[in-house]
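Shown next, in structure tokens, is the structure this report addresses.
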Amino acid sequence: GSQEGLRVKNPSSESLNAAMSLDGSTEELRELREQPIDPQAEQEIIDSIEEVYFSNDSFDMVQHELEKLPPELNLQELEEYRDKLKRQQAAVSKKVADLILEKQPAYVKELERVTALQTNLQLAAVICTNARRQLSVAKEGFTEASLGLLANQRRRQLLTGLLKSLRTIKTLQRTDVRLSEMLEEEDYPGAIQLCLECQKAASTFKHYSCISELNSKLQDTLEQIEEQLDVALSKTCKHFDVSHYTKVQLAYTLLGKTQTAMDQLHMHFTQAIHNTVFQVVLGYVELCAGNADTKFQKMQYKDLCTHITLDSYIPCLTDLCKALWEVMLSYYRTMQWHEEHDDTAAESDESVVDHSYVQKKLEHGLTRIWQDVQLKVKAYILGTDMSNFKYDDFIVVLDVISRLMQVGEEFCGSKSEVLQESIKRQSVNYFKNYHRARLEELRMFLENETWELCPVKSNFNISQLHEFKFMGQCRSPSVSPSRQVVSSTSPPQEELSLFQQYLQEGNPFEMHIEHKEEETEDVLASNGYESDELEKSVYQDYDSDSDVPEELKQDYVDEQTGDAPLKSVSRETIRSKKKSDYNLSKTNAPILTNTTLNVIRLVGKYMQMMNILKPIAFDVIHCVSQLFDYYLYAVYTFFGRNDMYESSGLGLISSRLRTTLNRIQESLIDMNAGIHGPAEDRKEKVPSPHLSQMVVLTNSGTLYGLAQRVVATESLVFLAEQFESLQSHLDTMMPAAKKPFLQQFYSQTVSTASELRKPIYWIVAAKAIDYEQMLLMMAGVKWDIREIMSQHNVYVDVLLKEFEQFNKRLGDVSRHVRIPLPVSNVLWEHCIRLANRTLVEGYANVKKCSNEGRALMQLDFQQFLMKLEKLTDLRPIPDKEFVETYIKAYYLTENDMEQFIKNHREYSMKQLANLVNVCLGSHINKKARQKLLAAIDDIDRPKR
């Protein structure tokens, strides 16, 4: 039953004791326990114990049992119940005792193990005590000392680190002093490098409060450096310095702001252009205003330009261009720098991007900067009315601007439309005024001209005139003359661009003055006029008439120095020239007058202007043609106008010449000069000139002013030759569309100059010989003689005497003025023609004539020809057949006469009628005569 005993929940000792206390005698209990009992029954008793007794230790069984009592106690029941409990207790006790007995050996065994364990524990305590004692010895002797050392070492390391940090902090605190020193030395890359390093360091120590402040201070410093860098960058716009720029660029690279730098640089350039031009113009305006007025500083640049005075206009323009040149040169050198450095730079991806950005930006900037320059200069050009400038000043302006355009072309390949347009506007305006004044001046010259020879060297050539110097240089019109002088003296070589020439020093706008002086010397050396008057008259007043107005004389004062050029020619040179060249110049020097020379000079000036001003070339050429037209018209009206030609039937004025004269009269001559018509129409026209009263054309002793006529006509021919020589040059300047105008001018006008010789010299020829007297003498001769005469008539001798007289006078005139062969030929031809026509007229006046009379006529004419051939070299004698044919027509028959009348239209009606009446009259009937006269009438009708 031990298994079952284990199953039973053991009632606590208290429960048992309590149960036992229900009966004070334990003896009873023991009896009960000791009674042998059947294990089965025992188990049943145990099972019958109430569950409650097994519940827990705090169970109060007495209380429990008392509460179970019924209200009415029954002793017997109670006793029975008490016995039951006792039995139960006895069963439990017995069961417990049994269990104890059963477990006894295990208990003993366990007790032995406990004792052994106790012994072991005591031994362990001893060991621990010993170990502790030894450990404390070790701790004192070894660990504490070593670990102390290690701890100290660690502290030392920490402190060293701290010291380092403190030193760094101290250095960081001091960097701003070093930074400002570096900035003063303009070592921007160094400063930035230092600043960036400090920032790096500062971020390491940002846990110190003093450093966090420093960090923001460094940020400020960096911004300050950037500002200074920007200022440094702006300095490169006016004076590019390689080392300075290299520093600045390096600094921006360190900042990683290459692209920003480029954008800034372009802003600075724009600003530099604006500030530069403003300061230059302001300087001049204030200088000329003279008062300390500050109103100018507040003006807009455009308005400021209108305050420039005429005197300061050119110096200011030159300074303006010089200053702008500096800016553009700086830009050019900036580009150069980038080209060189971009090739050598390290090619990381980022830098490649930067470089291409910089390159694009720079290339784009070229045209922008040039545009800015053009607009500034345009405002300056248009700010002043130049129409009253002196010619030379205006040419200087053009020269400066054309050089500026050349700079533009080299700078960015621009055609400078803005500049061209503005200079064209000013030029057209200037040129109209200038040309108007020159035409008026030309009229005055012509009206004061006494048509005396202007003595020049025999080898005189217009290229010697200083106005034509520019042609000798054969430069392209876009290049200014001053520049060309340099290249024409040096051997031909690859021409450097202006930027290459003036890369390091100098300025393309400083060239003018030096070179012009050399030119002037040259002109004087080649342009001495030789004459007896030479010492008085080289350039100024080289006209004997004192009534040439002062300002016209001044035209010949040297333009550069303002002196009469004579001062630079020594008297000795003049004297030696007089001896050597004067006689020579008599024989073949060109025939020209002061006015011719003046016109030639003007043409030179006009061409110079055209050279620089391609756009107005046509206007200028048109004006050049007007100068020639006016001169030609003047010569014609002074010396060639005569109503007698028309009747002479000699066709002295060709239809081409007549057309030209009519055209000039319509387009250029103001026929109503006295009458005040609408001013606009007359603005382009000039009054017709009047011949100077000092020129006398009525004196037979001077052959009716032959000398003046020769000088006038031949100077016109000379002028025409000069024009011919300039044709190809003018043609190259002419816009293609206008070339026909030039060709027409040459073919219709210039080439007609020599045709004026006929009408002008005819007047002399018509008056030089007394043809009327000859007709009278011929009328007194009897022609109906019956015998052959061997002696010619007196009228022939008289006529020849007249010719001799004419020849002598011609000789006299040629001592004053060289008479060129074409002129003497024309004169002789006119005289002989007139004489021959007079002879025919005389013969046609004869009422009666015999065959012998006809023979006498022939004799007279032969005598005249024989003597005449000794006087003149002209061969064949003009109109010889005219006379001979008329004399021989006397012998014609009736039929031949009819044919003769039809074929010879050159004879007048009267002359032909005389042939019919006098010659055939004797041996033809009246009817035949009527028929021939009718034929003459028919011929004449169409002529009328």
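None of these values were measured; they are calculated from a predicted model. Computed from heavy atoms alone, side chains included, the values below leave out hydrogens, waters and symmetry copies. Position 1 is the first residue of the sequence, and the numbers go up from there.
For the pair R436 and Y434, the NZ or CZ position fails the cation-pi test of under 6.0 Å to the six-membered ring centre and within 45 degrees of the ring normal. In this structure, R837 forms a cation-pi arrangement with F882, its terminal cationic atom sitting closer than 6.0 Å to the ring centre and no more than 45° off the ring axis.
Proximity of R438 to K605: side-chain heavy atoms (C-beta onward) are nowhere separated by under 4.5 Å. A 4.5 Å side-chain heavy-atom check between L730 and M610 finds at least one atom pair inside the cut-off. No side-chain heavy atom of Q862 sits less than 4.5 Å from a side-chain heavy atom of H792. Counting only heavy atoms from C-beta outward, the side chains of V686 and I669 never approach each other to under 4.5 Å. Put simply, the side chain of Y630 reaches to within 4.5 Å of the side chain of L446, judged on heavy atoms.
With respect to E714 and R818, no salt bridge is recorded, no charged nitrogen being found less than 4.0 Å from a carboxylate O. Ion pairing between K867 and E804 fails under the 4.0 Å rule for side-chain N and carboxylate O. Between K432 and D619 no salt bridge is recorded (no basic side-chain N to carboxylate O distance below 4.0 Å).
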- Message: Pair E440, R443 - check salt bridge (Lys or Arg N to Asp or Glu O under 4.0 Å), show working.
- Response: CA-CA 5 Å; E440 275 302 327; R443 180 167 74 98; 3.2 Å; yes

- Given side-chain contact (heavy atoms from CB on, under 4.5 Å), test D797 with K801 step by step and report yes or no. CA-CA 6 Å; D797 296 329; K801 216 179 216 75; over 6 Å; no

- Decide yes or no on side-chain contact (heavy atoms from CB on, under 4.5 Å) for L668 and Y633, but give the supporting numbers first. CA-CA 10 Å; L668 188 62; Y633 187 79; over 6 Å; no

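The backbone N or O of S908 sits less than 3.5 Å from a side-chain atom of Q911, completing a donor-acceptor pair. When atom types are taken as modelled, the side chain of K685 and the backbone of E666 share a donor-acceptor pair closer than 3.5 angstrom. S700 contributes no side-chain N or O that, together with a main-chain N or O of L703, makes up a donor-acceptor pair within less than 3.5 Å. Not a single donor-acceptor pair under 3.5 Å links the side chain of Q708 to the backbone N or O of E452. For the pair S751 (side chain) and Y746 (backbone), a donor-acceptor distance under 3.5 Å is present. A donor-acceptor pair is defined here as one N or O able to donate and one able to accept, closer than 3.5 Å; such a pair exists between the side chain of Q464 and the backbone of N461. Proximity of a side-chain donor or acceptor of E884 to a complementary backbone N or O of D879 within less than 3.5 Å is not detected. N914 places a side-chain N or O within 3.5 Å of a backbone atom of V846 that can act as its donor or acceptor partner. Side-chain atoms of E755 do not come within 3.5 Å of backbone N or O of S654 as any donor-acceptor pair. Distance alone, capped at 3.5 Å, is enough to place a donor-acceptor pair between the T702 side chain and the N699 backbone.
Within 6.0 Å of NZ in K910 there are more than 12 heavy atoms belonging to other residues, nucleotides or ligands.
Partner of F718 under the side chain to side chain contact (heavy atoms under 4.5 Å, CB included) criterion, out of I600, T593, L597, I591: I600 alone. Checking each of H816, R809, R815 against D812 for a side-chain hydrogen bond (donor to acceptor under 3.5 Å, both in side chains) leaves exactly one that passes, namely R815.
A side-chain donor-acceptor contact under 3.5 Å links D860 and Y795. No side-chain donor from either of Q748 and T660 sits under 3.5 Å from a side-chain acceptor of the other. Donor-acceptor pairing under 3.5 Å is recorded for the side chains of E449 and T595.
Aromatic pair Y907/Y886: centroids less than 6.0 angstrom apart. In this structure, the ring of F638 has its center no less than 6.0 angstrom from the ring center of H690.
Note that OG1 of T872 and CZ of F803 are 9.0 Å apart. Values are rounded to the nearest 0.5 Å. We find the CD1-CZ distance between I760 and R709 to be 7.5 Å, quoted to the nearest 0.5 Å. Distance check: L834 CG to Y771 OH gives 4.0 Å after rounding to the nearest 0.5 Å. Taking CG of L719 as the start and CD of E721 as the end, the distance is 9.5 Å to the nearest 0.5 Å. For the atom pair CZ of R656 and CG of L661, the computed distance is 11.5 Å after rounding to the nearest 0.5 Å. Rounding to the nearest 0.5 angstrom, the gap separating the NE2 atom in H435 from the CG atom in L442 is 9.5 Å.
Between R757 and V717, the closest heavy-atom pair is NH2-CG1, 3.9 Å.
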